[in-house]
Protein chains: 2
Amino acid sequence: MPDQDPARPTLADVAARAGVSASTASLAFSGSGPVAEATRQRVLAAARELHYAGPDPRARSLRRGRSGIIGVVIEERVREAFRDPIHIAQFDGIAEEIGHIDAALLILAASPAHPLGGVKAMPTEPVRPVTVEDAPIDAAVLMGCTPRLADSVSALRDRGLPVVAIEGFPAEGVLVIEQDNRDATERGARHLRQQGHERVAIITLPLDAAHHRGLVTQELLAIGSSATALQRLEGARAVFPDARAYAAAGSYVDEGRRAALEILSLPEGERPTAIIAQSDLLAVGVIRAAEELGIAVPDRLSVIGFDGVRVDGLWPYELTTLEQPAYEKGRAAGRAIVRMLEGGEAEVVAFTSVLRVGNTTAPPPAG
Amino acid sequence: MPDQDPARPTLADVAARAGVSASTASLAFSGSGPVAEATRQRVLAAARELHYAGPDPRARSLRRGRSGIIGVVIEERVREAFRDPIHIAQFDGIAEEIGHIDAALLILAASPAHPLGGVKAMPTEPVRPVTVEDAPIDAAVLMGCTPRLADSVSALRDRGLPVVAIEGFPAEGVLVIEQDNRDATERGARHLRQQGHERVAIITLPLDAAHHRGLVTQELLAIGSSATALQRLEGARAVFPDARAYAAAGSYVDEGRRAALEILSLPEGERPTAIIAQSDLLAVGVIRAAEELGIAVPDRLSVIGFDGVRVDGLWPYELTTLEQPAYEKGRAAGRAIVRMLEGGEAEVVAFTSVLRVGNTTAPPPAG
DNA sequence: CTGTTAGCGCGTTCAA
DNA sequence: TTGAACGCGCTAACAG
């Protein structure tokens, strides 16, 4: 019987057509060895005639032991991860650097299906997910990941793959790109303190895996797993130990607005005179809420953010914030990956945020 | 001499340790055949002892002829592509659908290094880029891509990979997810016409590969390669044939503002009474510019956008716009990919935009 | 410069 | 239910 599927040509087919050996044909394509120009042309011609589209990348990556793919692990769905400008900038930085070794990025979502990690579901049906632990990658970058990934990480290590984390809990065998979340927030808080603020509230990024919203309780803190949120909270409370904190369900303007509406519902004498938001988007939401409630910023309410992204449409405000070098963090992660792939040891990199004072902070109203 | 690199254990090693054959061990891992529970346990135990991290995905994908990876091709750098909420939503839709077959997404940037395609650079150094034509993917989705990719596309076809494009120029062998850019814009323009507008200006998305900014000339149109921008322009000019058009260098608020400042610099009697922006972000920029110039929207200037993304911080405006189902478009692309991978024929899907009238359009000022 | 040989690590026959 | 043998498509060594 004839071939159903007119089997794709293989390198051997091309070689045969061109009258050379397979290895010669291989060299003609990869350019990694000396081949006579005439031979090369003959091989390429044969390839064209057969509609051969080049060596199969799968076979190549098996043979070479490298796939040229770097995994980027996010713990939310794409929509959420990329709604955050910080993530985009970091991602871009990684792409920039690994572009130098001509690798590409594979988006891996740490499946929320295993809420607490550990137990790997038995395959009831023959599914073969491309997961963190099971993807043809040469290395992985974790973006703001929680300890939930501990198992995946150890699997990666067993496979001998370099792992870099941009913020997040340090784990054995993971190079962490650090950010001074705690100290930076403390610096921001101190700025408020110096201006005379005493009643301050905090709006945090999601603390726990479920993105619980609301007043931050001891219970919530106990299950909190976001290093970034916890560190920033710690920094704020280093200056204002008793400040109330509200967890947002995500780093969005709407979430900031929602939390602020609750915070600001107190009568003027009791409500906070300043709000520390853990991201610029949250801070913008605070400003929106204040506008709606007729509370003037910064005269009656000071607002400070974190990130230093230029939020579109904030004019005439210029947010007081802690500017973090997100793109540079991504690049550092990318460089670390490249170095480790080349067999070198990458060193820990720590980044610092800079307090940028805008016009959303001022001394509290007298009285 | 001892092994320098303490070679990673392979499936055979595990099998040997467990005292079974390699094929049995394979079955124990993949679950795609009957294995006695006791044997399975023994294999898993051996794996744990050896720190075996599971079958090598590279070998697996060679053997199976599938990598479980879908390429998503963008024609800008990551930073730009993901700054556009439409792209994010589409991306999320793709991820959602291909998640059903447990595949993951590989970001492939169509390198701007080969400006006009065709000539593939000779490798001066032995680089092995992971490019569109040379990546271990099972299928590809092109996001808003231009004819520049023609060569890549034919390479993909030669390799027998399904290719789906979300908007963009149709090519032989590419399934296009269509969007009624032309008709939708025409509907929006008609809305303005009905309100009495006659002097209208257009701000387009980047038309050409170089993202040229400024007045849209015949020359620029001639080298224009963005189907989306061209189609929307056509729709607007179907109603306002003589409307001046300005190309933005990207779909950003700042670009819209910049173009609008130029457009609105004319004296009141001559300047347009309405601006058709080809994206919501551009439209927001127009509103910002109008605010700065003290031109009331919509009383003295009407603004219409495209996309229907809820732009944060636009309050109290609600943009009149053409709402496109970006997430659904992504899902349709994902579904098409899945169907084609399963051997089926996917049909063309066409999406329609809906005119959503907000408070940024009104009749032109009298006189 | 080119051909020969020998696997990369796994999944899938086929027989036992 | 398990084991033995083969080959996926390519490329790294060598030898010529």
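All values below were derived from every heavy atom in this structure, side-chain atoms included, with hydrogens, water molecules and symmetry-related copies excluded. All values reported here derive from a predicted model rather than from experimental measurement. The sequence lines fix the lettering, A, B, ..., with proteins before strands; numbering per chain opens at 1.
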A.B. asks: Taking for each residue the nucleotide of DNA chain D with the nearest heavy atom, is it A22(A) or L27(B) whose nucleotide lies nearer the 5' end?
C.D. replies: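 Here L27(B) is the residue nearer the 5' end.
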A.B. asks: To the nearest Å, how far apart are E37(A) CD and dC1(C) P?
C.D. replies: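 For the pair E37(A) CD and dC1(C) P, the rounded distance is 11 Å.
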A.B. asks: Take R159(B) and D56(A) through the salt bridge (Lys or Arg N to Asp or Glu O under 4.0 Å) test and state the conclusion after the steps.
C.D. replies: CA-CA 9 Å; R159(B) 212 186 281 151; D56(A) 183 328; over 6 Å; no
A.B. asks: With a 4.0 Å cut-off on heavy atoms, is P34(A) in touch with a base, just the backbone sugar-phosphate, or nothing at all?
C.D. replies: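 The residue P34(A) makes base contact.
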A.B. asks: Between atom CZ in R60(A) and atom P in dG9(C), what is the gap in whole Å?
C.D. replies: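 The answer, rounded to whole Å, is 18 Å.
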A.B. asks: State which of dC10(D), dT2(C), dT2(D) makes the closest approach to the side chain of T10(A).
C.D. replies: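 Taking heavy atoms from C-beta onward, the closest nucleotide is dC10(D).
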A.B. asks: Check the distance between dG7(D)'s P and R63(A)'s CZ and give it to me in whole angstrom.
C.D. replies: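 Atom CZ in R63(A) sits about 18 Å away from atom P in dG7(D).
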A.B. asks: Under 4.0 Å: is that the gap between some side-chain N or O of Y52(B) and OP1 or OP2 of dC10(C)?
C.D. replies: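 Looking at the OP1 and OP2 atoms of dC10(C), one of them is under 4.0 Å from a side-chain N or O of Y52(B).
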A.B. asks: Report yes if the side chains of L106(A) and V72(A) come closer than 4.5 Å at any heavy-atom pair, otherwise no.
C.D. replies: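 Side-chain contact under 4.5 Å: no.
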A.B. asks: What is the distance, rounded to the nearest whole Å, between atom CG of L11(A) and atom P of dA12(D)?
C.D. replies: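 Atom CG in L11(A) sits about 12 Å away from atom P in dA12(D).
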A.B. asks: Closest approach to the side chain of A36(B), judged atom by atom: which nucleotide of dA12(D), dT1(D), dC10(D) is it?
C.D. replies: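 Minimum distance to the A36(B) side chain belongs to dT1(D).
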A.B. asks: If you find the nucleotide of DNA chain D closest to A59(A) and the one closest to V20(B), which residue's nucleotide is nearer the 5' end?
C.D. replies: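 Counting from the 5' end, the first nearest nucleotide belongs to V20(B).
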A.B. asks: How many whole angstroms separate atom CZ of R58(B) from atom C1' of dG11(C)?
C.D. replies: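 My rounded result for the distance is 17 Å.
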A.B. asks: Just to confirm, is there a sub-4.0 Å distance from OP1 or OP2 of dT2(C) to any side-chain nitrogen or oxygen of T39(A)?
C.D. replies: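 Affirmative; the distance criterion is met.
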A.B. asks: Would you kindly give the CZ-to-P distance between F29(A) and dA12(D), to the nearest whole Å?
C.D. replies: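 In whole Å, dA12(D) P lies 15 Å from F29(A) CZ.
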A.B. asks: Please report, rounded to the nearest Å, how far the C1' atom of dG7(C) is from the CG atom of L62(B).
C.D. replies: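 Spelled out: CG on L62(B) to C1' on dG7(C) is 13 Å.
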A.B. asks: How long is the line joining CG of D134(B) and P of dC10(D), in whole Å?
C.D. replies: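 Spelled out: CG on D134(B) to P on dC10(D) is 12 Å.
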A.B. asks: By the 4.0 Å heavy-atom rule, please label S23(B) as base, sugar-phosphate, or nothing.
C.D. replies: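 S23(B): base contact, heavy atoms under 4.0 Å.
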A.B. asks: Among dG11(C), dT11(D), dG3(C), find the nucleotide with the atom closest to the side chain of T24(A).
C.D. replies: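 Nucleotide nearest to T24(A)'s side chain: dG3(C).
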A.B. asks: Which of these nucleotides, dA12(D), dC10(D), dG11(C), is closest to any side-chain atom of P55(A)?
C.D. replies: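 Minimum distance to the P55(A) side chain belongs to dC10(D).
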A.B. asks: Report yes if some heavy atom in the side chain of D13(A) is under 4.5 Å from a heavy atom in the side chain of Y52(A); otherwise report no.
C.D. replies: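 No; the side chains remain at least 4.5 Å from each other.
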A.B. asks: Regarding S21(B) and T24(B), is there a side-chain donor-to-acceptor distance under 3.5 Å anywhere?
C.D. replies: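 Checked: S21(B)/T24(B) side chains pair up, N/O donor to acceptor below 3.5 Å.
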A.B. asks: Salt-bridged, R77(B) to E80(B), with N to O below 4.0 Å?
C.D. replies: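 A salt bridge is absent here (no side-chain N lies under 4.0 Å from a carboxylate O).
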